[in-house]
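As the structure is a prediction and not an experimental result, all values here were calculated from the model.
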Amino acid sequence: MIRTVESAPHVSAPVLAAYSYCEAVTGQQARNFAYGIRLLPAAKRRAMSALYAFSRRVDDIGDGGLADEVKLTRLEDTRALLARIRAGAVEEDDTDPVAVALSHAARAFPIPLGGLDELIDGVQMDVRGETYETWDDLKVYCRCVAGAIGRLSLGVFGTEPGARGAERAAEYADTLGLALQLTNILRDVREDALGGRTYLPADDLAKFGCSAGFRTPAPPEGSDFAGLVHYEVRRARALFAEGYRLLPMLDRRSGACVAAMAGIYRRLLDRIERDPEAVLRGRVSLPGHEKAYVAVRGLSGLDTRHVARGSVRRRA
């Protein structure tokens with residue numbers, strides 16, 4: 001069982017300022033993520049913002065316009081900063097607010113900071129332009145950039161005392177991260193292609209006649225693009241179904257947060273399934289009222305109860 005370590009009731013002014021910076025970064029850069037963590041109590045919400053702000057820094061290095069060798073150097077510098085955080089060597093008056101906030105969060109919660117090393121590994125794979133022949137190959141990348149985030153988040157959430165199957169909580173958090181990342185890959189397939197990146201497995205692209213890529217608003221001539229999308233959607237749905245087993249292991253508000261974030265991406269997946277070519281025409285997103293519905297559904301515990309009932313049927 002993963003237990004949450006409660007943070008001290010008093011948080012100093014410099015640390016609160018550092019957290020405020022991280023929350024501002026999260027609100028500006030990750031609307032879906034920010035929407036979900038609003039459902040958490042303050043200490044957990046702040047810790048999740050610190051995790052996001054550090055992760056955003058890593059991603060921004062990979063996505064920026066610097067030369068690849070400079071990116072790789074900066075990623076190693078960020079890894080060195082992470083080592084300082086892990087060693088407890090960042091003081092409250094440090095000039096880097098993200099480092100201050102993450103250091104405090106790591107003392108307040110049992111966050112497995114090695115997951116951020118994995119994220120850096122994944123972004124290095126991006127910088128080097130790696131491509132993926134098979135789904136097994138792509139899973140390695142997805143576990144670095146998304147599965148690790150699921151496991152890091154679980155360090156903040158913790159599991160409920162006595163939760164059945166809690167020894168597999170990290171595995172389910174990792175799988176849910178894979179589901180979110182595969183949804184991201186489908187949503188951003190053209191944007192990534194225009195940036196020179198291909199994530200979908202080469203053998204899947206070949207199977208559906210899509211090896212030419214996605215640099216235009218139309219599918220490759222003679223391809224079965226809809227077939228490709230539906231194939232990947234089914235894979236993502238299976239990952240969601242497995243990852244959702246995490247929900248009954250979490251407290252109500254942590255479960256609501258996870259259900260909200262995952263629910264937003266599941267609805268994105270629904271939209272992509274209904275109109276596969278939409279991802280070639282522009283960015284698929286959800287309106288605010290639909291996100292609000294997902295949040296209310298998460299707070300009501302509907303998804304958690306649904307998963308719990310399914311678990312009972314499987315055991316029966």
Test salt bridge (Lys or Arg N to Asp or Glu O under 4.0 Å) on K139 and D136 and set out the steps.
-> CA-CA 5 Å; K139 275 196 295 188; D136 285 340; 3.4 Å; yes
Apply side chain to side chain contact (heavy atoms under 4.5 Å, CB included) to the pair I272 and R187, showing each step before the final yes or no.
-> CA-CA 7 Å; I272 291 168; R187 181 190 61 182; 4.1 Å; yes
May I ask you to test the [X]-[Y] pair for a side-chain heavy-atom distance under 4.5 Å?
| X | Y | answer |
| --- | --- | --- |
| V11 | R46 | yes |
| D192 | T198 | no |
| F208 | E232 | no |
| D59 | L119 | yes |
| Y244 | L176 | yes |
| R237 | E273 | yes |
| I149 | L51 | no |

Mind listing the closest non-hydrogen atom pair of [X] and [Y] along with its distance?
| X | Y | answer |
| --- | --- | --- |
| A53 | C22 | CB-SG, 3.7 Å |
| T183 | A236 | OG1-CB, 4.3 Å |
| M261 | L180 | O-CD2, 4.4 Å |
| S254 | K44 | OG-NZ, 3.2 Å |
| V145 | G122 | CG1-CA, 3.8 Å |
| P220 | C210 | CG-CA, 4.1 Å |

Using a strict threshold of under 4.0 Å (side-chain N to carboxylate O), is an ion pair present between [Y] and [X]?
| X | Y | answer |
| --- | --- | --- |
| D60 | R57 | no |
| R84 | D96 | no |
| R143 | D174 | yes |

Side-chain heavy atoms under 4.5 angstrom apart, residues restricted to Ile, Leu, Val, Met, Phe, Trp, Tyr: same cluster for [X] and [Y]?
| X | Y | value |
| --- | --- | --- |
| Y132 | Y231 | yes |
| L16 | V156 | yes |
| I120 | V70 | no |
| L194 | V189 | no |

Whether the side chain of [X] engages the backbone of [Y] through a donor-acceptor N/O pair (distance < 3.5 Å, no angle test) should be reported.
| X | Y | result |
| --- | --- | --- |
| D188 | E191 | no |
| R253 | L40 | yes |
| Y19 | A105 | yes |

Any side-chain donor paired with an acceptor under 3.5 Å for [X] and [Y]?
| X | Y | answer |
| --- | --- | --- |
| Y199 | D126 | yes |
| Q124 | E130 | no |
| S12 | E92 | yes |

Mind checking what makes ring pair (Phe, Tyr, Trp, His ring centres under 6.0 Å) contact with F54, not counting sequence neighbours?
->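 Ring pair (Phe, Tyr, Trp, His ring centres under 6.0 Å) list for F54, sorted by chain: empty.
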Excluding sequence neighbours, so at least two apart, what forms ring pair (Phe, Tyr, Trp, His ring centres under 6.0 Å) with F214?
->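 For F214 the ring pair (Phe, Tyr, Trp, His ring centres under 6.0 Å) partners, ignoring immediate neighbours, are F225.
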Please tabulate, for the side chains in residues 111-118, all donor-acceptor contacts under 3.5 angstrom to protein atoms that are two or more places apart in sequence or on a different chain.
from, atom 1, to, atom 2, distance (Å)
D117, OD1, R79, NH1, 3.1
D117, OD2, R86, NH2, 2.6
E118, OE1, R151, NH2, 3.1
E118, OE2, R151, NH1, 2.9

Intermediate values then yes/no, salt bridge (Lys or Arg N to Asp or Glu O under 4.0 Å), R197 and D63 | CA-CA 11 Å; R197 292 177 180 171; D63 292 336; 3.0 Å; yes
For the pair C142 and L182, evaluate side chain to side chain contact (heavy atoms under 4.5 Å, CB included) and give the outcome as yes or no after the intermediate values.
-> CA-CA 8 Å; C142 290; L182 183 53; 5.6 Å; no
